[in-house]
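Letters A, B, ... mirror the listed sequences (proteins, then strands); counts begin at 1. Remember, it's a predicted structure, so these values are computed and weren't measured experimentally.
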Amino acid sequence: MLRAARPIGPLDRPGARLRRELVQVLGQRKLFQKPIPGLMHALIFWGFVVLLPTIAEAAVAIVDPRARLPLLGDAPWFALAVDLFATGVVVGVAIALWIRKVQRPDRFRGSHLREADLILAWILGIVGTLLAWNATRIALGLAPHESSMPVSGALARLAGSAAEVPAAERALVWSHLLLVLGFLAYLPGSKHLHIITAAPNVLLSKTRPSGALQPLRIDLDAPEDEIRFGAGVATDLSRSQILDLFTCTECGRCQEVCPAWATGKPLSPKLLIMDLRDHVAAQAPAIGGGGDAGTVELQPLVPAAVEDEVVWDCVTCGACVQECPVDIEHVDTIVDLRRYLVMAESRFPPEAAPMLRGIEGPSENPWGQPAAERTAWAEGLEVRVLAPGDPPPEWLYWVGCAGAFDERARATTRSVARLLTASGVDWAILGPRERCTGDPARRLGHEFLFQNLAERNVETLGQAGVTKVVASCAHCFNTLANEYPDYGARLEVVHHTELLARLIAEGRLRPSRGAVGAVTYHDACYLGRHNGRYEAPREVLGTVATRTAEMPRSRERSFCCGAGGARMWMEEGGTARINDTRLAEAAATGADVVAVACPYCLVMLDDAARARGSGAPRVADVAVLLEEATRPA
Amino acid sequence: MDVVVFAKYVPTPEGTPELGPDHLLVRDGGDGALDPGDTYGLELGLRLVEAHGGEVTVVSMGPAGAIAAVQRALAMGAHRGVLVTDPALRGADALATARVLAACLRRRPADLVLAGIESTDGYTGTVPVTVAELLGIPSVTAVRAVEVVDGALRVERQTEEGADEVACPLPALLTVTAGATEPRFPSLKGIMGAKQKPVETLALADLGIDVEDVRPTQRVVAVADAPPPAGGEIVDAEVGIARIADLLVEAKVL
Ligand code: SF4
Ligand code: SF4
């Protein structure tokens with residue numbers, strides 16, 4: 001199966017990958033994002049790592065009960081470790097059973113529960129027989145380090161010197177070994193395969209910032225059968241994507257944090273991965289496994305494996321990827337599915353067509369507004385518009401389409417402009433020469449449109465001689481900083497909150513504290529989770545608010561506003577709206593103001609606030625709040 | 001069912017249209033596109049042949065660069081294209097255009113002809129119905145939905161009050177309102193495939209049209225900028241809902 005899939009290139013950054021392997025696999029870092037389940041898993045995992053050599057010991061003991069492992073078999077500390085870690089596994093299994101049987105979190109909905117129970121029982125059997133076997137060995141005087149084995153020792157004392165002990169010793173070592181072998185045989189067809197695939201999967205997951213999608217170069221002049229449009233059938237998936245599918249443990253951590261699932265949409269990242277996995281497994285005979293994929297008719301991934309709606313529900317917030325303990329990359333796979341639907345079949349929610357037409361058309365922005373209108377927000381302000389040949393400014397302000405055309409976002413743009421001027425920054429805009437960065441087209445799956453815009457924007461920026469860019473939109477920021485380097489850009493990109501925080505720190509802006517009341521900050525996915533920019537907006541708010549409050553879900557675990565992944569241009573189904581859900585969470589902090597740092601968040605949350613009516617908190621950009629606090633009294 | 005869709009190549013609203021010394025638009029500047037107003041008819045036509053079989057032929061008249069409009073329609077799914085281009089057609093008026101399009105239809109008859117209500121550059125809105133008249137087939141204007149029932153059309157026609165339902169035999173010509181459907185966005189496969197689709201380029205002689213019959217009967221003598229709109233009031237939506245309601249009442253709309 002893997003052989004028929006698309007090969008992956010050589011691995012970049014081996015050092016970073018190795019470190020990640022240590023921290024995430026051995027250190028179980030992502031598992032500990034949930035402390036109790038993390039502890040449970042770590043106990044079982046570490047236990048198995050330590051206990052591995054005992055399998056060899058048991059195998060040898062089948063023939064010679066007195067045989068011992070070289071080196072380890074003589075070490076009292078190893079005997080102690082075996083004893084303690086085996087007990088740890090028992091505790092781990094007990095916690096797991098408690099979670100599954102008593103706590104019953106919703107994240108397991110749709111997972112194979114019986115299979116999980118069977119595996120837990122199996123693990124308990126393996127470790128139980130090991131402890132009991134060691135106890136009988138102690139009783140028979142076969143174990144040299146009796147004093148280093150408190151748990152088995154206690155068991156041995158229970159057994160005493162009953163006549164059945166020697167027979168029990170034989171029975172236990174046999175059953176222990178058979179359980180281990182049976183487990184190995186059972187693995188490949190089960191979700192527990194992750195104990196083999198997780199480590200390589202973590203190794204192969206990308207080292208790029210999580211907000212940077214893998215480019216898919218499209219050359220329309222290439223021969224038709226060489227052009228790839230994304231993932232249409234199983235063999236279009238890359239080897240690392242297939243490995244992803246077979247690594248999923250069905251733990252449901254991703255499902256639990258997914259805003260689409262939380263608001264009653266059919267998308268669950270877990271079910272998506274499971275459905276794709278089952279589909280690929282079912283197609284394996286058709287794929288032939290031997291690489292002669294061209295000869296069989298493969299079923300389309302959409303809708304054979306997942307429905308259309310599932311593919312379009314994703315806001316690309318990355319919460320699932322953040323949460324996944326085995327580094328499955330749901331977002332890249334979802335976008336690959338979209339790419340095929342959009343570019344090969346032009347199949348996507350029709351309401352998104354005007355956005356694509358606007359970006360594609362002469363105006364080159366999702367709003368379809370004339371490029372000349374890009375500077376309309378600047379009326380009455382002194383703003384330098386870079387004409388071709390002008391000397392470059394220190395900072396280019398990348399306004400973004402929302403900042404230029406959306407009435408509410410324009411308020412942010414104007415505030416940023418006035419603050420930059422007030423602090424004496426040398427800045428300018430591209431005005432009509434700015435185009436959409438292509439983010440919405442790319443996240444909808446139209447890689448070709450994105451590629452066009454990226455190439456042309458990079459060219460314009462290069463010709464303008466710009467080296468430092470400040471962006472207002474989290475999506476522009478992410479695209480300019482993380483994705484344009486693939487198209488040749490060499491830019492220092494910051495978000496306006498970062499530059500403003502810097503200006504405050506340098507004393508070039510002097511806001512008055514307490515000017516804007518109690519504030520809670522909503523982390524934009526493409527500023528926060530995808531790019532790790534958590535502090536700057538909070539620093540700015542700290543200088544202006546009477547009080548700041550955090551929402552339960554914040555920073556890397558923030559909850560999307562609902563607009564990412566081109567969802568801004570699609571209608572929303574499900575049982576609740578993502579923006580309403582988030583606004584309710586913000587309102588519950590008791591804050592007067594919900595501060596945002598992205599025009600998409602602004603529009604979505606402000607819509608939710610308007611729908612809520614009186615009593616709803618005000619929604620405003622960090623820059624607007626800062627300007628209010630900085631205004632000369 | 002064979003469908004013909006008229007497609008016009010129009011200057012994009014983004015460009016700065018240039019007028020020649022004869023006050024006629026310089027049409028071959030390359031800054032043009034398929035008239036968005038034509039895409040609704042095209043979409044309806046594509047859906048009809050998808051449901052009932054047949055082919056969509058897109059017919060355009062314009063400068064050589066108008067091939068871009070034909071290509072776009074082919075990328076969206078039309079099966080074949082016809083472009084009539086001839087130096088003698090420069091500055092052709094609505095009647096001349098209608099004669100040319102009618103000649104195309106005589107050469108290759110269709111069951112159904114679809115067009116936009118009016119072009120987004122000339123706005124005369126007279127070409128399609130003139131074609132129907134020249135061909136002697138019925139026409140229905142301002143159509144927003146169409147169905148084929150027992151070999152005839154059932155058409156929903158937009159009116160000021162709502163909609164009329166009109167029955168109409170085939171062959172027929174319909175003009176389709178903007179917004180009647182959501183025109184599809186061409187797939188990349190469609191754009192690539194469009195290059196392989198058959199396109200005929202015809203001159204007047206190929207259609208057997210005499211140059212005298214398409215000579216413009218009108219001449220532009222002067223061009224002036226439109227006066228800026230007088231009056232008007234910009235109401236801030238944040239505060240102005242009540243004000244807007246007042247204005248609408250004043251204007252007797254509400
Ligand atoms: S990216 Fe966000 S919306 Fe998409 S599947 Fe993951 S958690 Fe759900
Ligand atoms: S994708 Fe990752 S987080 Fe989601 S269920 Fe599978 S292993 Fe768990």
Side-chain angles (χ1 to χ4, degrees), chain A residues 216 218-230 232 339-365 368-374 406-408 410-411 432 435 441 444-452 569 571 606 610, chain B residues 9-18 29-40 42-44 46-47 50 65 68-69 71-78 120-121 178-197 234-241 244:
Chain A
L216 170 65
I218 295 175
D219 174 10
L220 282 192
D221 299 324
E224 193 160 341
D225 49 345
E226 278 175 25
I227 302 184
R228 252 178 36 79
F229 291 114
R339 285 172 174 170
Y340 185 82
L341 292 179
V342 168
M343 291 192 288
E345 301 191 349
S346 193
R347 191 160 118 216
F348 56 89
E351 63 272 16
M355 176 273 282
L356 279 187
R357 263 197 294 274
I359 291 185
E360 181 201 34
S363 54
E364 300 181 301
N365 65 72
Q369 296 276 338
E373 287 291 301
R374 276 203 178 267
D406 180 87
E407 200 44 57
R408 283 172 275 182
R410 277 178 178 174
R435 305 174 188 90
L444 191 79
H446 208 311
E447 186 72 1
F448 184 66
L449 260 188
F450 167 75
Q451 174 184 310
N452 265 335
W569 284 273
E571 273 149 28
D606 192 50
R610 288 180 192 202
Chain B
Y9 177 74
V10 296
T12 62
E14 280 297 303
T16 34
E18 252 182 82
D31 232 3
L34 171 63
D35 191 333
D38 291 335
T39 58
Y40 304 98
L42 177 57
E43 180 63 40
L44 280 191
L46 290 170
R47 287 191 196 176
E50 277 161 14
Q71 289 290 354
R72 176 76 179 185
L74 293 175
M76 284 175 69
T120 47
D121 58 347
T181 51
E182 183 57 56
R184 65 194 65 186
F185 189 82
S187 70
L188 267 195
K189 270 205 173 140
I191 292 174
M192 286 159 47
K195 293 179 200 148
Q196 267 92 56
K197 289 182 177 172
I234 294 173
V235 183
D236 185 354
E238 292 286 315
V239 294
I241 304 297
I244 291 172

Problem - Contact class of P36(B) relative to chain A, heavy atoms under 4.5 angstrom - result: neither
Handout entry: Engaged part of L341(A) at the chain B interface, taking heavy atoms whose separation is under 4.5 Å
Key = neither
Problem - Whether E447(A) side chain and L216(A) backbone form a donor-acceptor pair below 3.5 Å - result: yes
Practice task
Indicate yes or no: at least one non-hydrogen side-chain atom of W569(A) is less than 4.5 angstrom from one of E351(A).
Solution key: no
Practice task
State whether the side chain of E364(A) and the backbone N or O of R435(A) hold a donor-acceptor pair below 3.5 Å, judged by distance alone.
Solution key: no
Practice task
Determine whether the aromatic ring centres of F348(A) and H446(A) lie less than 6.0 Å apart.
Solution key: no
Handout entry: Between K189(B), K195(B), M192(B), R184(B), the one whose heavy-atom pairs under 4.5 Å with chain A are most numerous
Key = K189(B)
